[in-house]
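Can you read through this structure? Questions will come right after.
Order of the sequence lines sets the chain letters (A, B, ...), proteins ahead of strands, with each chain counted from 1. These numbers come from the heavy atoms of this one structure, side chains and all, not from hydrogens, waters or symmetry mates.
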2 protein chains.
Amino acid sequence: MKLNERHLMQLAAVLDAGGVSEGAAMLGLTQPAVSRSLNMLEARVGEPLFVKGRRPLQATQLGFQLAAQGRTIITASRKASDAVQGFMKGTKGVVRVGGVPFFMDAMISRMIGEFQNLEPEVTVQQSYLNLPEMVAALEGNQIELGIVPIGVLDLGPGFEFTEILPGRNIVACRPGHPLLRNRRLRAHDLTSFPWVAPLPGSPLMSDLQMILMSIGMSDLNIRYSGGSLMSVINYLAETDALAVLPFSVVFAQRKENRVTVLPYEIPQPNRSLGILRRVGGLRAPAAERFAAHVTTSFENLRHIIKRHENAVVWGR
Amino acid sequence: MKLNERHLMQLAAVLDAGGVSEGAAMLGLTQPAVSRSLNMLEARVGEPLFVKGRRPLQATQLGFQLAAQGRTIITASRKASDAVQGFMKGTKGVVRVGGVPFFMDAMISRMIGEFQNLEPEVTVQQSYLNLPEMVAALEGNQIELGIVPIGVLDLGPGFEFTEILPGRNIVACRPGHPLLRNRRLRAHDLTSFPWVAPLPGSPLMSDLQMILMSIGMSDLNIRYSGGSLMSVINYLAETDALAVLPFSVVFAQRKENRVTVLPYEIPQPNRSLGILRRVGGLRAPAAERFAAHVTTSFENLRHIIKRHENAVVWGR
DNA sequence: CAGCTTCATAGCAAAATGCTATACAAGCGG
DNA sequence: CCGCTTGTATAGCATTTTGCTATGAAGCTG
């Protein structure tokens, strides 16, 4: 007994509107069209849906039950339309963002919160990815956006990279670290403390190698590795260990005053943090909106950093 | 942006089945039909619903969202079909029963419970009505069944009355009542105790008038009136008051041992308790089932009463 | 009971839906 | 890397459904 969904909707409209004519008007149809639909539905069901010969149009119990289903169909249909409209305006839907762990934890997660204060109906699905997986995820349409530091020539065809922050690493330590008392640091000062190694596969890992070479030491004393940003900061705060971190990540934590910048010049990577996405990919207005939000947020952040550096002697 | 509900359902089926051909099969359609539907939906939406050129058919985020709505439409449609089937078999739906208060409280409410142990998907809406309102309610299709005591010629055309129990009233009192010690009761014994009057408008009220006349007294000492069955029984149990009650109602309470029958012959009304319904009315299989259940329950009750009367000296 | 409102029916045009046959494209194995 | 398999899109056609306007029929109301 397969019923016509359109008929169920019309039945619901008629019962809700209190009459065939009104129900038809509610649906933007004419009264005869709806009248016939009701007849066809009744014929298919084989039971009366209305009490005959009653002017204030009275439905039977079965009529009410079918109308209830019709109502849910109507609302489902409306929700579908809303989803489309919301998608096109970028005010509804799902945005899947992949990103390198430290930046996601330090900055992007906050920005997701800010963004959703503006667009509460956009869902964000975050995942932790480094560059190779991110490219694969973008190509496989698993994510719309990637937050990743990337070298100038690393991006292949079909990808678009929007720079949001120049790459700049620093050596981080706890605020009361002994080395902060030194007037002028030398390379061997750094090697005399334990180091935190970033997550394997992360860009910071290769940066650490580079620093190693610039210091001229073949290996550092690495006693902790693999932690997320919160783990690393907690660890740094408790020990005299050092870590290579993006400056912006440390900056974002300045209010907590648990880590600071050790004034020692290290070689900078030729990379920029940015948003990676496919150019030929599907339109995803909500993702574009989110990307725009992230971009302007970082724009503001750059100004704040500049003001901060002009105002206080920080990390130098 | 009005979307075609049928298309949404087909989208859902395709995503659930994992392919156009499988989805089409699931809906009992051919692959080209569904393929075209998807194209039409996509054209209407104006956004891709599938990632092009992927063999394990991958939907876009928007595609998933629309499919979700399609799924709810499918389930609503299925529920509607189930409602029809259940209605025809009498295993689903709503049965609205009106009845005189004391019988509903004493007997029918229990039977509703028994019935729903067999048919858990049938909802019963009970209402308290006396004969005039009941006829109106049946005519206005507010109820399917009426439980009412009725005289032989009271029913008009278009109504069907199924007798379930002959009317038989008794005088009820508490088990320890002083009158129960009397070997042979006389009319003036009865008038020396206070009486409970039934709900105004109920058949029992006219029965009480009849008894009044037979006793030859113009008025009884009525000190309590208007209570439901539970109120009346509670009142009788606490006092030496007397009340006119249907025998079956008192019998149904025999286990509680709070009221009993005073062995005094009173004039019997020319009425029977039965089920009243319209003959020309709509088919309502669930109501028919319920009526059948009530009928057989009373059938059993009659036998129980007979056995009881043969076994014990009860109220005489 | 006359008039008003509302629903049902008739007839027709247009759109949608379904089918079969066939072309096309993405994976996959040799 | 080429052909094969599998699954999807397109074409063409018949049928059904849907919508409309015009008009008849039936309840309610004063």
For B:L29 and D:dT17, give me the distance from atom CG to atom P, rounded to whole Å.
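Result: 14 Å.
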Considering only C:dG18, C:dT6, D:dT8, which nucleotide approaches the side chain of B:V20 most closely?
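Taking heavy atoms from C-beta onward, the closest nucleotide is D:dT8.
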Test of understanding: with ring-ring contact (aromatic ring centres under 6.0 Å, His included), list the residues that count as partners of B:F115, not counting sequence neighbours.
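Testing B:F115 for ring-ring contact (aromatic ring centres under 6.0 Å, His included), a comparison that skips the adjacent residues, returns B:F290, B:H293.
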D:dG19, OP1 or OP2 - any side-chain N/O from A:T30 closer than 4.0 Å?
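Result: no.
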Kindly point out which of D:dT18, D:dA9, C:dT9 is positioned nearest to the side chain of B:Q31?
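My answer, after comparing the listed nucleotides, is D:dA9.
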Roughly how many Å is it from CG in B:L57 to P in C:dA26, rounded to a whole number?
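Spelled out: CG on B:L57 to P on C:dA26 is 13 Å.
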Check the phosphate of D:dT10 against B:N39, side-chain N and O only, distance under 4.0 Å to OP1 or OP2. Yes or no?
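B:N39 to D:dT10 OP1/OP2: side-chain N or O found under 4.0 Å.
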So does B:Q10 get a side-chain nitrogen or oxygen closer than 4.0 Å to the phosphate oxygens (OP1/OP2) of C:dG18?
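Answer yes for this pair, as a side-chain N or O of B:Q10 is under 4.0 Å from OP1 or OP2.
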So, OP1 or OP2 of D:dG7: does either fall under 4.0 Å of a side-chain N or O from B:S21?
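Checking D:dG7 against B:S21, no side-chain N or O comes under 4.0 Å of OP1 or OP2.
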From D:dT21, C:dG18, D:dG19, nucleotide with atom closest to A:R6 side chain:
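The listed nucleotide nearest to A:R6's side chain is D:dG19.
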When you check the phosphate oxygens OP1 and OP2 of C:dA16, does a side-chain N or O of B:H7 lie under 4.0 Å from one of them?
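For B:H7, the contact criterion (side-chain N or O under 4.0 Å from OP1 or OP2 of C:dA16) is not met.
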Set of side-chain contact (heavy atoms from CB on, under 4.5 Å) partners for A:I74, sequence neighbours left out
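Testing A:I74 for side-chain contact (heavy atoms from CB on, under 4.5 Å), a comparison that skips the adjacent residues, returns A:M9, A:A12.
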Ignoring backbone atoms, establish whether B:S35 has a side-chain N or O less than 4.0 Å from OP1 or OP2 of D:dA9.
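Yes, B:S35 has a side-chain N/O under 4.0 Å of OP1/OP2 on D:dA9.
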A:A33 or A:K52: which one's nearest nucleotide on DNA chain D is closer to the 5' end?
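This one resolves to A:A33.
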